[in-house]
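Just so you know, ligand 1 is whichever comes first in the structure, and atom 1 is the first atom listed for that ligand. Numbers here simply count residues along the sequence, with the first being 1.
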Amino acid sequence: MALYNKTAHELHELLQTKKISAAELTADIFSRIDEVENKIGAYLTLTRDKATVTVKAVDDKISRGEKIAPLEGIPCGIKDNICTKGIRTTCASKILENFIPPYDATAYAKLAAQNSIIVGKLNLDEFAMGGSTENSAFHTTHNPHDLERVPGGSSGGSAAAVAGGEAIFTLGSDTGGSIRQPASFCGVVGFKPTYGRVSRYGLVAFASSLDQIGPLTRDVTDCALVLNAICGHDDMDSTSTAAPVPDFTKSLVANVKGLKIGLPKEYFVKGIDAEVETAIRDVAKKFESLGAEIVELSLPHTDYAISTYYLIAPAEAATNLERYDGVSYGARVDGADVVEMMTNTRTEKFGAEVKRRIMIGNYALSAGYYDAYYLKALKVRTLIQKDFTDAFQNVDVILTPTTPNAAFKIGEMTSDPLKMYLQDICTVPVNIAGLPGVSVPCGVNKNNLPLGFQLIGKALDEATILQAAFTYEQSL
Ligand code: GLN
């Protein structure tokens, strides 16, 4: 029986009832990886040896007749900007090519504590800067639905692994859409929790006021299970919230009767592909037929979200990436003196997009420009946040496309960074406002490429968007 394409909750049943063993399941995933990885390229590192140790622990437990945790024995992949003790964590950058973290990120540690089986570390755009994995210093990941196309990014490896049967679920990170956009391009579920819901301890920092870890899964039920595993306060991350975490499986109820769903008009304008627009309007009709109420609304500052994001994110990135100086972290390229050593290291080991962001960020932060760019962006950030606060006076959730178009061809946008940045129009406002958002598959376009819709929730109200997503999924 093929196991690699099943969901975690199906596999949990099979494991617990001894119909399969964790050894069989993991072997099936690795044989699938052996079969397709040379075409997809989702991984940067495979962790077969580590997997073997965990497999044995799980199978021993099952044979003793003990109950196993929901994700125990389930093979997963971890984005390679999430630290894993003793396992190379590169951020897809030459500067961290040989970096082996001395500790686990909290989100991964929580999965490991459940005996989830890590099969490897997943490709991304260098330091999570990008939307296609083409900025990886090592290789580009291919979309399993069409190998000539990108899987999206920056969590492209995380989405492609789930879609291609190379992991049952994965963790990604989302600073401006990096979980939701690849999920949409690869036809899987991708969830960005509220800022602070999941500890960022051990997530290599890109833009600290925006970064958040979340799951990519085959269905909404698995998404709830992974959220249950990774959410919660962490003393090691002062930005993680102390708010109590609900049991997200309680949201797995097919019911949207009376739910008010907002459709913001600014997300259906020029630049949105006609097929995407039709698909999202069909999703709205579907919700209506299931008993929800659709409310047209306006988020008036949406137009400024890209400029705001592409000032705040690079400014924070420029600061965060100062630590790669050839002394404390990562690679070093020697020079005649310390300044030359640092210059050589950063010149040789950072890729072009990372350098571009460092330059934009330092420019926006520099004396004389700070007020005009960075400070202005912070003010607009407040306006964008207020748009959502106002909108949520009248609706429970907001429905939008996840991306303006389906997966594009590899190489199609690399020559035009601005065009690539505009891809993020539907996702960045959610990070700017710190809200939860999920991308859910909604069919394919005429080229058979997956499409996704996005549901945005109130802060800390992951439960409602999860329930709406579940209701839609069950109606299919
Ligand atoms: N595509 C966006 C960027 O390039 C988002 C990246 C992310 O969420 N990590 O910054």
Could you tell me which atoms of ligand 1, counted from 1 in the order shown, lie closer than 4.0 angstrom to a heavy atom of [X]?
X      : result
Tyr310 : 1 (N), 2 (C), 3 (C), 4 (O), 10 (O)
Tyr309 : 2 (C), 3 (C), 5 (C), 6 (C), 10 (O)
Gly176 : 5 (C), 7 (C), 8 (O)
Ala128 : 6 (C), 7 (C), 9 (N)

Do [X] and [Y] have a side chain donor and acceptor closer than 3.5 Å?
X      : Y      : result
Asp174 : Asn431 : yes
Thr84  : Lys121 : yes
Asp211 : Thr175 : yes
Asn143 : Glu148 : no
Gln181 : Thr402 : no
Arg197 : Gln212 : no

Side chain, backbone, both or neither: the part of [X] lying under 4.0 Å from ligand 1 by heavy atom:
X      : value
Phe127 : neither
Arg357 : side chain
Tyr421 : neither
Asp424 : side chain

Say whether [X], considering both its backbone and side-chain N or O atoms, lies within less than 3.5 Å of an N or O atom on ligand 1.
X      : answer
Lys79  : no
Asp174 : no
Phe206 : no
Met129 : no

Determine, for Asp282 against Lys286, whether the closest basic-nitrogen to carboxylate-oxygen distance falls under 4.0 angstrom.
-> no
Counting only N and O atoms by type, is there a donor-acceptor contact under 3.5 Å from the side chain of Asp125 to the main-chain atoms of Ser132?
-> yes
Look at atom 7 (C) of ligand 1 and find which of Ser154, Ser178, Ala207 reaches it with the closest heavy atom.
-> Ser178
Quick one: sort the Tyr472 and Phe453 rings into parallel, tilted or perpendicular, breaks at 30° and 60°.
-> perpendicular
Out of curiosity, is Gly130 lining ligand 1, as in a heavy atom under 4.0 Å away?
-> yes
